Amino acid sequence: MIATRRTLLALSALGGAAALMPRSWQAQGSQNPGDVTPTMGRVTRNALPLNVAQTGQRFRPPTRLGLGGVPIGNGFAACSDEEAQAALAAAWEAGVRYFDTSPWYGLGLSERRFGHFLHTRPRDEFVLSTKVGRLLTAAPQPPAGTMWHDPSPFAYRYDYSADGVRRSVEDSLQRLGLSRIDIVYIHDV
């Protein structure tokens with residue numbers, strides 16, 4: 001299979017959907033070592049495929065499967081806080097321990113929802129990534145024309161400067177309500 005962005009997104013969606021499916025829909029575990037679909041019943045973190053740590057190599061999160069924050073930030077459709085928390089809880093129950101979000105996702109909504117869920121979990125048991133590149137400022141209403149359904153009331157501007165990156169990380173920590181972020185990506189350069 002040729003790896004394309006579309007293929008990656010489709011496979012990511014399938015992996016995320018599998019983790020969130022009701023247990024009655026989930027297939028029995030595959031003998032394929034690359035299979036990322038959870039098995040029936042209670043799934044532990046060790047049931048998901050792990051990346052092998054390699055000294056001197058590029059950092060890779062411990063697990064191969066993570067949960068992205070676009071849908072949690074109302075990227076495809078609006079969801080309630082309760083639905084977002086249920087999705088995060090289902091992912092955690094399925095053994096997901098890598099969570100990726102961004103200030104851009106729902107104009108801060110995704111980070112707030114991830115933080116609300118993750119702040120009650122042991123901090124050393126998950127990996128969290130977010131992004132820098134856009135700074136949010138309070139606004140009477142969100143800007144028109146974004147992809148977000150019912151986003152938070154913030155305007156945004158691009159800022160990749162050193163001061164902008166520091167402010168973005170600090171703002172993300174505030175929205176998340178967590179003591180640290182493990183990975184920070186540069187978003188939409």
Side-chain angles (χ1 to χ4, degrees), residues 8 11-30 32-75 79-106 108-132 165-166 168-187:
L8 175 66
L11 290 173
S12 298
L14 288 173
L20 301 178
M21 280 190 278
R23 288 190 182 123
S24 61
W25 295 3
Q26 296 173 3
Q28 288 291 343
S30 169
N32 178 356
D35 188 7
V36 296
T37 54
T39 58
M40 290 183 68
R42 185 165 177 78
V43 177
T44 63
R45 180 178 186 275
N46 294 331
L48 293 176
L50 301 175
N51 286 321
V52 177
Q54 297 177 348
T55 305
Q57 299 294 316
R58 182 173 40 138
F59 174 80
R60 291 172 29 166
T63 59
R64 291 185 195 169
L65 180 67
L67 181 69
V70 170
I72 301 297
N74 294 348
C79 72
S80 68
D81 289 338
E82 293 78 19
E83 291 169 320
Q85 294 306 300
L88 288 161
W92 185 273
E93 177 72 19
V96 173
R97 295 297 184 270
Y98 173 47
F99 299 91
D100 176 68
T101 186
S102 168
W104 173 238
Y105 303 162
L109 182 61
S110 177
E111 284 185 327
R112 287 198 327 273
R113 286 174 168 172
F114 270 83
H116 181 74
F117 177 79
L118 292 171
H119 85 275
T120 61
R121 304 306 184 274
R123 184 59 189 90
D124 290 335
E125 289 189 17
F126 62 88
V127 173
L128 176 67
S129 62
T130 192
K131 320 289 188 314
V132 296
V165 167
R166 282 190 287 274
S168 182
V169 168
E170 192 62 37
D171 290 352
S172 289
L173 287 167
Q174 291 293 321
R175 280 187 292 274
L176 289 161
L178 297 171
S179 61
R180 74 175 192 266
I181 298 165
D182 300 298
I183 304 168
V184 177
Y185 296 108
I186 300 171
H187 210 197

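Because the structure is a prediction, the values reported are computed rather than measured. We number each residue from 1, following the sequence as shown.
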Distance from Phe117 atom CZ to Ile72 atom CD1, nearest 0.5 Å? 10.0 Å

Locate the shortest heavy-atom distance separating Ser102 from Ser110; write the atom from each residue and the value. O-CB, 4.4 Å

To the nearest 0.5 angstrom, please state how far the CG atom of Leu173 sits from the CG atom of Leu178. 8.0 Å

Output for pair (Leu65 CG, Leu50 CG), nearest 0.5 Å, gives 11.0 Å

Between Tyr105 and Gly69, the two heavy atoms sitting closest are CD1-C, 3.6 Å

Parallel, tilted or perpendicular: ring planes of Trp92 versus Phe126, cut at 30 and 60 degrees: perpendicular

Spell out, as yes or no, whether a donor-acceptor pair under 3.5 Å connects the side chain of Lys131 to the backbone of Val184. no

Identify, with sequence neighbours excluded, every residue that meets salt bridge (charged side-chain N to carboxylate O under 4.0 Å, His left out) alongside Arg121. none

Using every non-hydrogen atom in the two residues, find where Leu128 and Ile181 come nearest and quote the distance to one decimal. O-CG2, 3.7 Å

Rounded distance (nearest 0.5 Å) linking atom CD1 of Ile183 with atom CZ of Arg60: 12.0 Å

Applying salt bridge (charged side-chain N to carboxylate O under 4.0 Å, His left out), name anything that partners Arg180, two or more places apart in sequence or on another chain. Asp124, Asp182

If you compare all heavy atoms of Arg113 against all heavy atoms of Cys79, which two are closest, and at what distance to 0.1 Å? NH2-O, 2.8 Å

So which heavy atom on Leu67 is nearest to which on Ala91, and how close? CD2-CB, 3.9 Å

Looking only at heavy atoms, the pair that brings Pro103 and Thr130 closest together is CD-OG1, 3.5 Å

Using the six-membered ring of Phe114, assess whether NZ or CZ of Arg112 lies under 6.0 Å from its centre and within 45 degrees of the ring axis. no

For Arg175, what residues pass the salt bridge (charged side-chain N to carboxylate O under 4.0 Å, His left out) criterion, not counting sequence neighbours? Glu111

